[in-house]
Amino acid sequence: MFVALAAMMLTGVMTACSQEKVPYEGYQKTENGLYYRFYNKNEGATPQIGELIDVQLGCVVNDTMPVIPVMPNTLQLMEPMFPGDIFEGLAMTHAGDSVSFIVNIDSTFRTFFGQPTLPEQFKSTDVMRFDIRIDDIYPESLYLSRMAAKNKKAVTERVAKMVADHAEESAQAAQALTEYLAKKKIVAEPTESGLYYVMTQPGNGEKPVEGQLVSVHYTGTLLDGTKFDSSYDREQPIQFPLGIGQVIPGWDEGIALMSKGEKGMLYIPYYLGYGDRAAGELIKPFSNLVFEVELVDFEDMPR
């Protein structure tokens, strides 16, 4: 998570241009050399090492070039990597705070961004400033469950918009799936989202929970029987954390219905699959999908 954020930041920062150094008016300085300025400061608990911090974060160099637009991110609080880095500042914050940090550009590139030297378009006297709003602070143990909740909300909103924007295509896809199920004499009741699941072999009764790492064997086909992928052909199940959006929504929902060792069939309406996008050469936009699935195993995510 931290590496991904740093890589994203680096992409933006590399585009910045050097300008004249700006004064640090309104800022205070810690003993370790971090400049900070609170625009809004609340009371309450400050984050501890290892806890997660939901932030709205942006970054500028020399107060003129927005090198990272303000966007939501989740940071895990770490021990400071150099005197006066951003993690020292985050440890002073509370939920609801708005704050700016001015950090040493050389040390930030070397440690936070993992760059051995300062890019040539910058000088050591350039000013790197992070503007941050603290939205929430919570233990690492809650991270995956919160990710799952955010994913469910995003899927619901995305599906509603997709169906509304593509009413004709949605109606055609729904009719095609209904006719397919009738032809195959499948009488399963759909879930609230419209997913159909039929168990073909029971498991041991133990079901995975959101955030656990699941191992799944599968074969995927279109309604006409065209096979587009199979883990059985590769003799290797796939693994993914359940419920946080790393697979199509129909899988996140469907695999959660299964127990270890269980086999079944997932009949996935297009909007719980790849939606109005194509996927590879065979899956066209608005394609309903059929998956033969087997929940091989599941376990807690490795630390």
Side-chain angles (χ1 to χ4, degrees), residues 151-203 207-208 210 214-296 298:
N151 178 59
K152 285 182 179 179
K153 180 180 179 182
V155 168
T156 300
E157 293 174 349
R158 186 167 64 247
V159 165
K161 185 176 187 306
M162 189 183 308
V163 172
D165 290 347
H166 303 284
E168 182 177 350
E169 293 89 343
S170 296
Q172 292 174 353
Q175 182 179 354
L177 183 56
T178 298
E179 292 175 353
Y180 173 88
L181 296 173
K183 180 179 179 181
K184 296 292 184 179
K185 296 182 171 55
I186 297 167
V187 295
E189 290 295 321
T191 66
E192 184 177 352
S193 70
L195 173 73
Y196 291 85
Y197 174 64
V198 177
M199 181 179 67
T200 58
Q201 173 183 298
K207 296 185 178 183
E210 292 170 339
V214 297
S215 297
V216 179
H217 259 315
Y218 69 95
T219 295
T221 62
L222 305 177
L223 295 189
D224 64 6
T226 301
K227 182 171 70 174
F228 54 81
D229 194 15
S230 177
S231 66
Y232 289 106
D233 293 345
R234 296 187 293 273
E235 299 182 348
Q236 181 66 45
I238 68 164
Q239 292 186 317
F240 61 93
L242 183 66
I244 64 172
Q246 290 198 5
V247 292
I248 59 175
W251 266 52
D252 269 336
E253 180 180 353
I255 300 304
L257 300 174
M258 304 176 68
S259 63
K260 183 177 178 179
E262 186 171 327
K263 295 182 180 181
M265 301 295 298
L266 290 173
Y267 304 96
I268 300 179
Y270 87 91
Y271 53 80
L272 296 179
Y274 294 97
D276 55 358
R277 300 175 289 110
E281 296 181 359
L282 296 177
I283 302 176
K284 307 302 181 184
F286 307 104
S287 291
N288 301 307
L289 305 174
V290 178
F291 283 96
E292 175 190 354
V293 289
E294 175 187 357
L295 179 54
V296 178
F298 59 86

Any side-chain heavy-atom pair of Ser259 and Lys207 under 4.5 Å | yes

side-chain contact (heavy atoms from CB on, under 4.5 Å) filter on Lys227, not counting sequence neighbours, yields Thr219, Thr221, Ser230, Asp233

Note: Ser215 and Gln239 closest approach over all heavy atoms is OG-NE2, 3.0 Å

d(Thr200 OG1, Glu292 CD) to nearest 0.5 Å is 7.0 Å

Are the side chains of Asp229 and Arg234 in touch, meaning some heavy atoms are under 4.5 Å apart? yes

Closest non-hydrogen atoms of His217 and Glu235, given as atom of the first, atom of the second and distance, are CE1-C, 4.2 Å

Residues Glu253, Tyr197; criterion side-chain contact (heavy atoms from CB on, under 4.5 Å); working and verdict:
CA-CA 10 Å; Glu253 180 180 353; Tyr197 174 64; over 6 Å; no

Please lay out, stage by stage, how Ile255 and Phe298 fare under the test side-chain contact (heavy atoms from CB on, under 4.5 Å).
CA-CA 11 Å; Ile255 300 304; Phe298 59 86; over 6 Å; no

Next item on the list: Indicate yes or no for a side-chain donor-acceptor contact from Asp252 to the backbone of Gly245 under 3.5 Å, with no hydrogens or angles considered.
Entry: yes

For residues 165-190, the salt bridge (Lys or Arg N to Asp or Glu O under 4.0 Å) pairs (sequence neighbours left out) are Lys161-Asp165

Heavy atoms of Ala188 and Val198 approach each other most closely as CB-CG2, 3.7 Å

For residues 265-277, which side-chain N or O atoms pair as donor and acceptor with protein atoms under 3.5 Å away, sequence neighbours left out?
residue: Tyr270; atom: OH; partner: Ser170; partner atom: OG; Å: 2.5
residue: Tyr271; atom: OH; partner: Ser193; partner atom: O; Å: 2.7
residue: Asp276; atom: OD2; partner: His166; partner atom: NE2; Å: 3.1

Practice prompt. Answer yes or no: are there more than 12 heavy-atom neighbours, outside Gln201 itself, under 6.0 Å from its atom CD?
Written response: yes

Rounding to 0.5 Å, atoms CH2 (Trp251) and CD (Gln246) come to a distance of 13.0 Å

Donor-acceptor pair, Lys260 side chain versus Leu295 backbone, under 3.5 Å? no

Sub-4.5 Å side-chain heavy-atom contact between Tyr180 and Asn288: no

So CG of Leu177 and CD1 of Ile186: to nearest 0.5 Å the spacing works out to 8.5 Å

The reported gap from CD in Glu294 to CE in Met258 (rounded to nearest 0.5 angstrom) is 7.5 Å

Next item on the list: Please report the C-alpha distance between Val216 and Val247 in whole Å, then the side-chain angles of each, then the deciding distance to 0.1 Å, and finally whether the side-chain contact (heavy atoms from CB on, under 4.5 Å) criterion is met.
Entry: CA-CA 12 Å; Val216 179; Val247 292; over 6 Å; no

Next item on the list: Any chance you could lay out the side-chain contact (heavy atoms from CB on, under 4.5 Å) test for Ile248 and Phe291, step after step, and finish with the verdict?
Entry: CA-CA 12 Å; Ile248 59 175; Phe291 283 96; 4.0 Å; yes

